[in-house]
4 protein chains.
Amino acid sequence: MLEALKQEVYEANMQLPELGLVTFTWGNVSGIDREKGLFVIKPSGVDYDALKPEDLVVVNLKGEVVEGEMNPSSDTPTHTYLYNHFPNIGGIVHTHSPWAVSFAAAKMDISAMNTTHADTFFGDVPAADALTQEEIEADYEGNTGKTIVKTFNERGLDYEAVPAALVSQHGPFAWGPTPAKAVYNSKVLEVVAEEDFHTMELTHQSSELPQYLLDKHYYRKHGANAYYGQNNAHSKDHAARS
Amino acid sequence: MLEALKQEVYEANMQLPELGLVTFTWGNVSGIDREKGLFVIKPSGVDYDALKPEDLVVVNLKGEVVEGEMNPSSDTPTHTYLYNHFPNIGGIVHTHSPWAVSFAAAKMDISAMNTTHADTFFGDVPAADALTQEEIEADYEGNTGKTIVKTFNERGLDYEAVPAALVSQHGPFAWGPTPAKAVYNSKVLEVVAEEDFHTMELTHQSSELPQYLLDKHYYRKHGANAYYGQNNAHSKDHAARS
Amino acid sequence: MLEALKQEVYEANMQLPELGLVTFTWGNVSGIDREKGLFVIKPSGVDYDALKPEDLVVVNLKGEVVEGEMNPSSDTPTHTYLYNHFPNIGGIVHTHSPWAVSFAAAKMDISAMNTTHADTFFGDVPAADALTQEEIEADYEGNTGKTIVKTFNERGLDYEAVPAALVSQHGPFAWGPTPAKAVYNSKVLEVVAEEDFHTMELTHQSSELPQYLLDKHYYRKHGANAYYGQNNAHSKDHAARS
Amino acid sequence: MLEALKQEVYEANMQLPELGLVTFTWGNVSGIDREKGLFVIKPSGVDYDALKPEDLVVVNLKGEVVEGEMNPSSDTPTHTYLYNHFPNIGGIVHTHSPWAVSFAAAKMDISAMNTTHADTFFGDVPAADALTQEEIEADYEGNTGKTIVKTFNERGLDYEAVPAALVSQHGPFAWGPTPAKAVYNSKVLEVVAEEDFHTMELTHQSSELPQYLLDKHYYRKHGANAYYGQNNAHSKDHAARS
């Protein structure tokens with residue numbers, strides 16, 4: 001069942017230790033088949049070097065296990081919530097990558113301070129509100145998804161243009177059109193968190209990018225007029241423009 | 001004598017350089033056979049890449065060498081003291097991992113600021129008092145164990161729920177039900193020390209976790225209602241709850 | 001066409017991940033054949049582990065693609081501008097190396113605070129002005145080169161003696177007589193950015209090198225009286241002087 | 001000539017990149033044959049992966065090359081000065097390791113703040129005065145040795161008990177009874193520099209070790225009553241004492 005997706009999600013999971021994003025088993029990637037309404041996710045607490053594609057668990061959009069011998073990630077209800085409320089995403093990643101966790105513990109956004117950020121995130125990556133005692137005790141992992149979605153709604157953010165969030169006191173979630181792209185976004189978030197930290201230590205002036213630079217870098221890589229990379233009609237033309 | 005335990009302690013020792021927790025020979029792991037009242041410990045000053053299981057030294061709970069050609073770790077009296085006063089632990093680790101040492105030198109606790117911490121430590125990891133001149137001169141390594149135990153008693157801490165301590169001016173000790181789990185706790189301590197440092201630099205507001213979040217994350221992984229991982233009855237059920 | 005130069009530029013590109021200067025595809029190296037007025041540059045958005053020498057794109061000094069199946073780096077107009085205005089350089093590197101990016105985001109020069117800096121850069125590495133909205137919208141990558149050249153002119157800097165610059169809010173560019181030397185300079189910049197950050201945190205006094213120490217270290221490695229390394233007549237003589 | 005010493009110095013040099021102490025060619029190790037009054041040193045500017053034992057240069061205590069095709073390290077006069085004034089040392093290391101350089105640029109000692117430091121350095125590692133313009137222009141590398149020796153004399157430091165120094169604005173030198181021990185000391189210095197930096201950021205109180213803890217840790221590893229490691233009569237006895 002969903003063998004190709006399992007392979008894809010397996011490979012995305014294996015990227016996490018390669019990119020230095022996880023210690024021990026502290027991360028998970030899922031990927032969804034939107035037509036079938038089923039997603040595939042890492043089993044809970046399994047070492048990356050022991051993980052096999054067939055270990056992955058298939059879950060439906062009610063969060064029920066449909067196939068798999070193992071328990072799915074304990075964060076499965078968060079993934080379920082996000083897939084239900086962010087209809088265009090195809091993959092989700094959760095890690096405890098240390099720079100993003102440091103910002104999450106401080107309940108601070110990861111602001112757009114440089115073009116590395118703007119290439120991937122069209123604005124600040126928000127720190128969603130910490131959960132209340134009631135939310136934690138009632139349905140911790142489900143409400144973890146809920147606080148992310150609520151933050152995007154309240155701030156009027158586009159989840160496709162800003163494909164990540166911090167959960168305060170906890171850590172980062174990232175997503176994207178595919179599991180691999182979600183992992184990519186997760187790595188970018190960790191890199192810019194580290195850079196922002198050092199920029200903030202260097203200068204106590206505001207270091208937020210102006211909107212026009214954010215526009216330039218984001219749309220250089222995204223949308224109809226993108227000209228970065230090999231898969232668009234604009235690149236050679238643009239190179240020749242100078 | 002104790003061949004299986006020697007192998008287990010050997011493997012736990014070899015994890016220290018793999019996890020980036022030691023420079024040169026600056027670390028040691030021991031493991032205990034509670035029935036026999038004997039523990040096995042790394043010999044003093046031996047390079048990790050030269051270490052063999054048969055080099056490990058067997059010591060009794062009076063701190064006397066029972067078997068072994070080599071000198072045991074110079075920290076053996078600390079291990080002895082901790083095994084005598086923390087009756088449920090099965091393994092102990094000492095390292096000079098740099099982030100934990102930085103907090104130890106500052107005589108500061110590693111506070112519970114994020115869920116990575118709460119997953120393993122049910123509250124702040126205490127910085128035990130530095131030893132007095134008299135304690136150092138009388139029995140340095142024994143009193144190193146004593147200051148840890150005293151700190152746990154004075155603060156009313158549960159050594160099973162908070163399986164690590166800093167010794168001020170010196171460095172971290174961690175323990176657990178097995179040598180491997182003690183090494184795991186030692187790594188978590190280093191990771192959260194680094195995260196706490198950066199969180200504290202980012203914000204000068206208190207970043208301590210509320211008790212209910214500490215409860216949630218700690219008991220998600222520990223005790224009768226744990227639902228993280230594969231070895232409990234609660235996981236699938238919980239995943240399906242959302 | 002330009003096979004030897006392609007091989008040289010290919011090898012210089014492959015140095016970037018080896019030296020820890022790039023994440024994903026975030027960097028590019030070019031090299032120029034001054035006689036032919038053509039330069040060779042990495043294609044846009046290609047993974048380093050998939051890159052082959054024959055993938056490199058040949059571009060003329062108007063920024064027009066002369067040979068190559070792929071789109072050249074989106075930064076090609078910046079390289080074009082720099083080759084046109086810095087006539088003695090043979091190679092250019094752009095990366096998003098994190099310490100240099102942190103200074104660029106803070107719009108701060110990387111000052112000459114130690115001899116590691118002085119060995120390579122004869123003075124501060126300037127943070128060029130951030131581009132205006134008009135400059136970004138008109139010709140972003142071309143104007144990125146322009147702001148670097150303008151900064152060197154306004155401050156009276158010698159681009160051969162200070163072979164790198166930061167573009168504010170963006171990141172570092174480095175250059176040199178060859179592509180390999182440009183990569184070397186790019187790495188030195190990252191190392192001294194990290195050192196400067198820590199020096200600035202340690203002391204709030206000025207830590208700028210005096211001119212005479214800058215002179216000593218720079219000319220120990222550069223120019224007619226250099227005596228570092230194996231390719232000059234001064235070394236043995238100097239060693240014997242003490 | 002001096003083949004065994006060349007092999008020893010070669011191996012010590014090769015430890016520098018393995019221990020993460022050098023970037024490019026920025027380091028050198030030498031070792032001396034005190035009976036012959038000759039020392040062996042790395043040639044200048046040679047890549048570590050191209051270095052062979054027979055490339056090493058033999059130099060006498062006047063700093064004259066006695067054997068070798070290549071130019072010796074440009075720091076040879078510093079090594080010469082130190083061998084002449086520190087008669088009991090057998091090896092010297094110079095690196096540009098980044099944490100030690102950061103302290104050197106700040107002209108700050110690396111203070112004894114933890115037992116990792118005390119295990120190797122019996123007190124603060126001093127930042128020697130920066131050289132004056134006259135000293136730099138007259139005999140830069142020779143005077144680099146001189147400022148180190150002068151600092152030890154003025155502060156009444158024992159070069160065998162504190163086997164390293166920073167040269168302000170420049171970087172660290174370390175030494176020891178053998179080239180390998182000098183490299184070891186060089187690594188310890190880098191580790192404690194990093195730890196001190198973080199300790200100083202955590203607390204603005206004094207974090208200097210008391211003398212009695214310095215005594216305890218230093219003499220646990222050094223001198224007639226040492227009981228760390230395998231090569232002394234005290235260890236087992238001590239372990240049994242607790």
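The chains referred to below are lettered A, B, ... by the order of the sequence lines, with proteins before strands, and numbering in each begins at 1.
Put simply, the side chain of I136(B) reaches to within 4.5 Å of the side chain of L213(D), judged on heavy atoms. Residues F24(B) and L19(D) form a side-chain contact, since some pair of their non-hydrogen atoms from C-beta on lies under 4.5 Å apart. In this structure, P43(B) and Q230(D) have side chains that are in contact, with non-hydrogen atoms separated by less than 4.5 Å. Taking the side chain as every heavy atom from C-beta outward, S74(B) and K221(D) never approach each other to under 4.5 Å.
The distance from the OH atom of Y227(D) to the CG atom of N71(B) is 12.0 Å, given to the nearest 0.5 Å. For the atom pair Y212(D) OH and E135(B) CD, the distance stands at 9.0 Å (nearest 0.5 Å). K216(D) contributes atom NZ, which lies 12.0 Å from atom CD of Q133(B) (distance to the nearest 0.5 angstrom).
Proximity to chain B is absent for every atom of Q211(D), based on heavy atoms less than 4.5 angstrom apart. Of the two parts of T132(B), only the backbone, made up of N, CA, C and O, holds a non-hydrogen atom closer than 4.5 Å to a non-hydrogen atom of chain D. Heavy atoms closer than 4.5 Å to chain D are found in the side chain of V46(B), but not in its backbone.
Contacts from residues 102-128 of chain D to chain B, taken as heavy-atom pairs separated by less than 4.5 Å, involve M113(D), N114(D), T115(D), T116(D), D119(D) in sequence order.
Nearest heavy atoms, S44(B) versus G229(D): OG-N, 2.6 Å. Q169(B) and E208(D) make their closest contact through NE2-O, 4.5 Å (heavy atoms, listed as atom of the first residue, atom of the second, distance).
By the 30° and 60° cut-offs, the orientation of the rings of H217(D) relative to Y140(B) is perpendicular.
Interface summary for chain B: among D215(D), L209(D), V192(D), D196(D), the most heavy-atom pairs under 4.5 angstrom belong to L209(D).
The environment of NZ in K146(B) is sparse: at most 12 heavy-atom neighbours from other residues, nucleotides or ligands sit within 6.0 Å.
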